[in-house]
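Worksheet: the structure to be examined is printed underneath.
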Amino acid sequence: MTLTKADKIVVTCGLPYANGTAHIGHLRTYIPGDAYVRYLKRYGYDVVFFCGSDAHGAPIELAAEQAGVSPQKLIEKYHAHFEKIFRKLNIGVDLYGNTEAPYHYKRAQTIIRTLEENGYVEARDVALPYCNTCQTFLADRFLVGTCPYCGAIARGDECDQGCQRYLDADQLINPRCVTCGSPAVKRNARHHFFKLSMFTDFLTKFNKRLKGTALARNYALGWIRQGLKDWGISRDLKWGIPYPGDEDLVLYVWAENYAGYISFTEEWARQTGVDWEDYWIRDGKIINFIGADIVYHHAVFWPAILKGVNYNTAYAIVASGMVKVEGHGLSKSRGFVIDIEEDIIKQGIDLDAVRYYILSYTGYTKDLDFIWKDFQIRVNNELVGILGNYAYRVLLFIHKHFKKIPQGTLTDEVTSQIRNTVEAIDKTFHRFRFKEAADAAMLLASFGNTLFQQSEPWKTIKEERDRAQFDLYQCLQVLKAITILIEPVMPAISERIWQQLGQDGNIHEVKVEECTEPLVPGTKLPNPEALFTKIADETVEALTSRLNQRIESARAKAK
RNA sequence: AGCGGGGUGGGGUAGCCAGGAUAUCCCGCGGGGCUCAUAACCCCGAGAUCAAUAGUUCAAAUCUAUUCCCCGCUACCA
């Protein structure tokens, strides 16, 4: 079972949680997801792409409380923020949705109601921590107490300031309410449980035939082998989607957020006049791009829910590796974080260069260590030196001598070189090997540089003008192919080269077959401009010191 | 602790699933060339007991077992 051009493909990215700004970790999923979608389109597949804000859950309620604003205000702010980041980075979703939108409530509640009708949910009484002062049940995140291992002040889910161990809320010594400090007491509450254990066989089969990264499959299979427990899907919070039929409770955020993949499709389908059931009930091929940290939700809980309501489950789950910053695990509280808006956009960093760095750094499932110095080296050598230089030297030379596309016909060598690259990329992106795809396109630029070097047009232009024209025509065609093949990686740059090649039409809709379509001699060429600027040492120093300051102040705050 | 991923020249990486002759690519380093181009480009070269040990095999980076080291996840943080 592989993707075909007749398939209706839905690609989704894990939803960003709307309680903070976008950072480099987010991009590890969104940029490859977007590049994948763009490759599918370039190669003629029928694909739609969705993402959106995850708006509910205890941390948002807590963050809003601490900021003194309503949860609505908080998520509106971050929803707008992420929408803007997506636009700036050219992450071309067909809809950037929101799980706080009415269309999502409707879909999420319908799913739960259907699960209940089908007998997959049951209500049980459980004893949970409660605060008598605030008159509310306390989720793990709302509990503080003493860590049983190291004695530091710890939260109900982890010892975040001390030994970093994961904790069960029951382990905390002297558990208290995080809001008012009153001691937590146990109190009985009625909650709803999804009978996950009924789906053990289904989930085993599902994961065995699941495409995508091995990481996703193996995580889930290991988890299933350990035995599946039934899963609480209601919470005692004020903020969230009311539990259908038991409106004092809300749906647990992990029981409704990924329903956004469906509700966003529905909303997009409503706006564009197509039928969402083509994707989710009939023949859709669903592909989830996620971070490695949420594999369980996507390979265990979510497919079980989908199965329970008879919707299509994922064809592939593509799990990315984690991101490190200057050798340390990403951590906002410790300052090891690169903020997209503050540290990248406002610093004037080329966003296509960021896309390139993330895609070409390493294999998608491996950890990516974001280092500014390394970023500079890659940009200056590969983007400026190889790709940018190739485009500029060819276009400038031709513009200087001809001002239009020179006379020529394609040689077999150039045609087959391009064709080989087109085929190589076809194989790699289907296997989610985005680094290899980017490398293959860059290799074509190296090929072009060699071609230019060896044909020595700066000499032939003086004595054998026709010869120079013919050779330059080859170089220009190589550039055309690069432009099309690099579009999924660097859409903005690709647009600029396309324009500099004097081509009409939208590069984002050009198919790969165009790579070997000969350029039309005589087409006027505009004045070329350099595509990338070198990153100066001082810039790297400034960026690195920004980061170091953040790490320092985080360290000071912790003490 | 359990589960999962990884350890390849100075750095970062590909190859491992389907074992085969000189182990890939981007840098760095040494040498040469070119001068159209953002001191960019092109060519040549040095540099790796493929984490360790034991095994399977005519043949192991690749398969098996054990060990060491890094990282992630573990159901109420998303």
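For clarity, every value in this text was computed on a predicted model and none was experimentally measured. Naming: A, B, ... by sequence-line order, numbering from 1 per chain.
Residue contacts shown for A:Gly25 are absent, as no nucleic acid heavy atom lies under 4.0 Å away. Note on A:Glu456: nothing from the nucleic acid sits closer than 4.0 angstrom, heavy atoms only. Note on A:Asn257: only backbone sugar-phosphate atoms sit closer than 4.0 angstrom, heavy atoms only; bases stay farther off. Here A:Lys324 lies out of heavy-atom contact (under 4.0 Å) with every strand. Residue-level contact check: A:Val253 touches the backbone only, with heavy atoms under 4.0 Å from sugar-phosphate atoms and none from bases. Looking at heavy-atom distances under 4.0 Å, A:Asn389 makes contact with a base. Across all strands, A:Ala292 comes closer than 4.0 Å to no nucleic acid atom at all (heavy-atom distances). Contacts of A:Leu531 with the nucleic acid, taken as non-hydrogen atoms under 4.0 Å apart, include base atoms.
Taking the six-membered ring for Trp and the full ring otherwise, A:Phe194 and A:Phe301 have centroids separated by 6.0 Å or more. Ring centroids of A:Tyr261 and A:His298 are separated by less than 6.0 Å, placing the two rings close together. A distance below 6.0 Å separates the ring centres of A:His79 and A:Tyr96.
For the C1' atom pair drawn from B:G11 and B:G55, the interatomic distance equals 34 Å after rounding to whole Å. Nucleotides B:A61 and B:C16 have their C1' atoms positioned 7 Å apart, rounded to a whole Å. B:A48 sits 13 Å from B:U24 when the C1' atoms are compared, rounded to a whole Å. As rounded to the nearest Å, B:A60 and B:C17 have C1' atoms that lie 15 Å from one another.
Close to B:A78, at under 4.0 Å from its OP1 or OP2, lies a side-chain N or O of A:Trp254. Residue A:Lys534 has a polar side-chain atom (N or O) positioned under 4.0 Å from OP1 or OP2 of B:A40. The phosphate of B:A40 (OP1 or OP2) has no side-chain N or O of A:Tyr390 nearer than 4.0 angstrom. In this model, the phosphate group of B:A75 is not approached by any side-chain N or O of A:Trp231 to a distance below 4.0 Å at OP1 or OP2.
Computed from coordinates, the A:Asn380 CG to B:C41 P distance equals 11 Å when rounded to whole Å. Taking atom CG of residue A:Asn207 and atom P of nucleotide B:C3, one finds them 18 Å apart after rounding to whole Å.
The 12-atom threshold is exceeded at CD of A:Glu456, counting heavy atoms of other residues, nucleotides or ligands nearer than 6.0 Å. Within 6.0 Å of NZ on A:Lys195 lie more than 12 heavy atoms contributed by other residues, nucleotides or ligands.
We find that the ring of A:Phe397 and the base of B:C36 do not stack by the test of centres under 5.5 angstrom and planes tilted less than 30°.
Side-chain contact between A:Pro16 and A:Cys51 is present, with at least one heavy-atom pair separated by less than 4.5 Å. A 4.5 Å side-chain heavy-atom check between A:Ile461 and A:Phe402 finds at least one atom pair inside the cut-off. Between A:Ile398 and A:Pro406, some side-chain heavy-atom pair lies under the 4.5 Å cut-off. Contact check for A:Asp471 versus A:Pro457: no side-chain heavy atoms found under the 4.5 Å cut-off.
Checking B:A37, B:C34, B:A78 against the side-chain heavy atoms of A:Asp54 singles out B:A78 as nearest. Relative to the side chain of A:Pro59, the nucleotides B:A78, B:C34, B:U13 differ in distance, and B:A78 lies closest. Here the nucleotide nearest the side chain of A:Lys459, chosen from B:C34, B:C36, B:U38, is B:C34. Here B:A78 is the nucleotide among B:A78, B:U38, B:A14 with the atom lying nearest to any side-chain atom of A:Tyr17. Among B:A14, B:C36, B:A37, the nucleotide with an atom closest to any side-chain atom of A:Trp458 is B:C36. Which of B:C36, B:U38, B:C26 sits closest to the side chain of A:Leu443 comes down to B:C26.
Between A:Asp369 and A:Val384, the residue anchored closer to the 5' end of RNA chain B is A:Asp369, taking for each the nucleotide with the nearest heavy atom. For the pair A:Trp223 and A:Asp439, nearest-nucleotide mapping onto RNA chain B gives the more 5' position to A:Asp439.
In RNA chain B, stems built from 3 or more consecutive Watson-Crick or G-U wobble pairs, each with both distances under 3.5 Å, span B:1-7 with B:68-74, B:10-12 with B:25-27, B:29-33 with B:41-45, B:51-55 with B:63-67.
Using a 30° and 60° split on the angle between ring planes, A:His104 and A:Phe264 fall in the tilted class, from 30° to 60°.
Across every non-hydrogen atom of A:Ala316 and A:Phe432, the tightest pair is CB-CZ, 4.3 Å.
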What does nucleotides 42-47 of chain B look like as a protein-contact string, B for base, S for sugar-phosphate only, - for none, at under 4.0 angstrom between heavy atoms?
SS----
